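Comments concern the structure below.
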4 protein chains.
Amino acid sequence: MFAQNGYTGTSVADIAARADIGKGTIYEYFNSKEDLFFAVFEWYCKKTGAAVTVSISVLGASAAQRLDALNGSLMSLWDEIKDVFVLVMEFWAAASSSKMRQRFQIAFKQLYQDFRRIVSDLIVDGISRGEFREDIDPEAVAAALVGTWDALFLQAWFDPIFDPLEISQKFLAVVIQGLKKS
Amino acid sequence: MFAQNGYTGTSVADIAARADIGKGTIYEYFNSKEDLFFAVFEWYCKKTGAAVTVSISVLGASAAQRLDALNGSLMSLWDEIKDVFVLVMEFWAAASSSKMRQRFQIAFKQLYQDFRRIVSDLIVDGISRGEFREDIDPEAVAAALVGTWDALFLQAWFDPIFDPLEISQKFLAVVIQGLKKS
Amino acid sequence: MFAQNGYTGTSVADIAARADIGKGTIYEYFNSKEDLFFAVFEWYCKKTGAAVTVSISVLGASAAQRLDALNGSLMSLWDEIKDVFVLVMEFWAAASSSKMRQRFQIAFKQLYQDFRRIVSDLIVDGISRGEFREDIDPEAVAAALVGTWDALFLQAWFDPIFDPLEISQKFLAVVIQGLKKS
Amino acid sequence: MFAQNGYTGTSVADIAARADIGKGTIYEYFNSKEDLFFAVFEWYCKKTGAAVTVSISVLGASAAQRLDALNGSLMSLWDEIKDVFVLVMEFWAAASSSKMRQRFQIAFKQLYQDFRRIVSDLIVDGISRGEFREDIDPEAVAAALVGTWDALFLQAWFDPIFDPLEISQKFLAVVIQGLKKS
DNA sequence: TATGAATGAGTCTTCATTCAT
DNA sequence: CATGAATGAAGACTCATTCAT
């Protein structure tokens, strides 16, 4: 419901009705609407986090191939996530709305750090294998790539014609080309 | 005020007080709080749109240099924008909250399309000059780059240590390397 | 309404309905239900305080007569106050209920101090006129008398047959007898 | 718990938790929160009633001495009662709040009648012994004295500096002086 | 044109009470 | 005999919006 109507647009009463329980029952499990929302956030993080971790572990071969595979598995998440992606925007907004700021901001910072770490490890691996150039900054590239993925989802959400899979693959090809030893 | 406390966190009364006018006066100029918020959104779009256009027109020399320059001028916006960036998240959220969805969603779609267009033109130019490889998809690269910039701001907002300028420059160098004819 | 149903038993909505105004209007004038209740308390204090002061100033002759007159004017308040006296009990309870404690407790302390002062001044006057014995403690007697008046109202409230005027007059006669020089 | 947080401020859940039993269990023994509260009231009445009766029976000698002794034993209760005294105010308030009114009001009326009876018997005894004057009204004096004791506790509760023992002794001396045959 | 007092629908939250186990 | 999860009525409070001045 938060995905459909946003945090403010969803009332606790609505949630209870949809869950077919009494309003009070919600408060047996969550101390406040905010807590409930944060729980949804944690559920979402866990869900997407798992997807990434799994996809990484399955990868084989060269660093370039693994990057490609990571990209593929992220993009295949899109269809699954599409409908709940709005949530992410609600989370971002929550992280900026003064009341819940701290909680969400800390969680987001951590989330991005973790994700960047995974990607930068992958690049460092590519460098040490002699596959990627040594004069690149793995952390910078990782940060940018992580951002790119996020933002592609964002654009896809705004524009239904936008195909994140195709675009990300083409773009990643360019990036990998730029990373490789000439 | 929307930047400081979010859409929900800001009341019409607050705005009137800060503007030192009566609550009723606001309704002489805007039909609703939503309209007022959308007006802020349009103002913001115009402002950042102008910044981009200006920076593009000033660019000289090679496509690679122009991309670098664009990146530089965008990132130099960061210090200016930093405090108002929350607004963008509020806009995103507004675009997802069912009530205001349509309006904002259409505007965002347009905004991204325009921005992508500017960047893809730049890349097409690079290709036609024989500077970039011919087997790349300018639109895809443009879409991804636009997203990257957005997302770097996002991460910078969550993590004060994060330096978007440095990271974007390093990443762009890799991308340009990937774009160039070998 | 507080007098009829108590603090908890009266809802802000009830008050608004009875006053024939909107619920929100109440909050234009009071920050909370508690504030409104405290305002009623202050109104009550002013009202009864005025009654006492007036009756004192009007008094003439001997200290004994003035005490009698004070008693008379207090007791004549009874018929007026009778219906709102419950309020006092609500105030006492408010002063002990943890949330509003401080405010009310301070106000009550002051109220009693002021009232005791008035009575003890009267007794001191009686002593200096040579009318009352010198070995009595004016403050102690004043404190006890003030309490007695309060408590007679209390008993009268519980028991409609109880006649505070008659009882207080008879009791005061005994007390004055005890105060007088033999 | 009622003494600490008042009737409204104490929830059935709180009580159950403190008693280390289930919420439902309370309803095995009491039909409602109100009933439970009334049971506390009855317990309190019995307890203080006993204290008075005991102190009376122990008294010896003259009526004046017995009054003094009663006063002493009541005031010595203060330190014991101090913390639970809030309860009395809660009871008063309960007696005035429309929902529980009747029950409490009847009980209070009885309580005061009983107490007045004890004191007036004592005074009647003093008269028949020829110790007190015959033109006084024992019931009136008793009613007033009972009230005074109540009210001294009240003032002591509001004002920690207030010493009810000292004040009551001094006042009683005056009253006894007024009661005695010249 | 500007105002701000008045409004009441709509929020989140609490809590006495029930009842299946 | 004890329990505590579930409930929903009820309550305090907020705030976008209106409208008479």
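The sequence lines fix the lettering, A, B, ..., with proteins before strands; numbering per chain opens at 1. Just so you know, these numbers use all the heavy atoms, side chains as well, and skip hydrogens, waters and symmetry mates. None of the values given here were measured: they were computed from a predicted structure.
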Review point. Taking A/K47 for the side chain and A/E42 for the main chain, is one N or O donor matched with an acceptor at less than 3.5 Å?
Key: no

**Study point:** Counter-base of F/dA12, judged by Watson-Crick or G-U geometry with both distances under 3.5 Å
**Key:** E/dT11

Point to revise | Selected nucleotide, minimal atom distance to D/Y27 side chain, candidates E/dT14, E/dT17, F/dA6 | key: E/dT17

**Study point:** Spacing of B/L36 atom CG relative to F/dC15 atom C1', expressed in whole Å
**Key:** 15 Å

Check your understanding: Rounded to the nearest 0.5 Å, how far does CD1 of B/I81 lie from OG1 of B/T48?
Key -> 6.5 Å

Check your understanding: Separation of B/F30 atom CZ from E/dT1 atom P, in whole Å?
Key -> 15 Å

Point to revise | Side-chain donor/acceptor of B/T25 to backbone N/O of B/I21, under 3.5 Å | key: no

**Study point:** Value in whole Å for how far the C1' atom of F/dC13 lies from CZ of C/F37
**Key:** 19 Å

**Study point:** Separation of F/dT17 P from B/K23 NZ (nearest whole Å)
**Key:** 12 Å

Exercise for review: For F/dT21, give its Watson-Crick or G-U wobble partner with both distances under 3.5 Å, or none.
Suggested key: E/dA2

Practice item. Report the distance from atom CD of D/E28 to atom P of F/dT3, rounded to the nearest whole Å. Key: 9 Å

Check your understanding: Where each residue is assigned the nucleotide of DNA chain E containing its nearest heavy atom, which of C/G24 and A/K33 is assigned the position nearer the 5′ end?
Key -> C/G24

**Study point:** Residue closer to the 5' end of DNA chain F, D/I21 versus B/S11 (nearest nucleotide)
**Key:** D/I21

Check your understanding: Mapping A/D20 and C/A13 to their closest nucleotides on DNA chain F, which lands nearer the 5' end?
Key -> A/D20

Review point. Looking for any heavy atom pair under 4.0 Å, which part of the strands does B/T25 touch: base, sugar-phosphate only, or nothing?
Key: base

Check your understanding: Taking for each residue the nucleotide of DNA chain E with the nearest heavy atom, is it D/N31 or A/T10 whose nucleotide lies nearer the 5' end?
Key -> A/T10

Point to revise | N/O donor-acceptor pair under 3.5 Å between C/K109 side chain and D/P160 backbone | key: no

**Study point:** Integer-rounded Å distance: F/dC15 P and B/E34 CD
**Key:** 17 Å

Review point. With a 4.0 Å cut-off on heavy atoms, is B/Y29 in touch with a base, just the backbone sugar-phosphate, or nothing at all?
Key: sugar-phosphate

Point to revise | Euclidean distance, atom CD1 of residue C/I15 to atom C1' of E/dG8 [Å, nearest integer] | key: 17 Å

Practice item. Supply the atom-to-atom distance B/S96 OG to A/F158 CZ, rounded to the nearest 0.5 angstrom. Key: 7.5 Å

**Study point:** Interatomic distance where CD1 belongs to D/I26 and C1' belongs to E/dC19 [whole Å]
**Key:** 16 Å

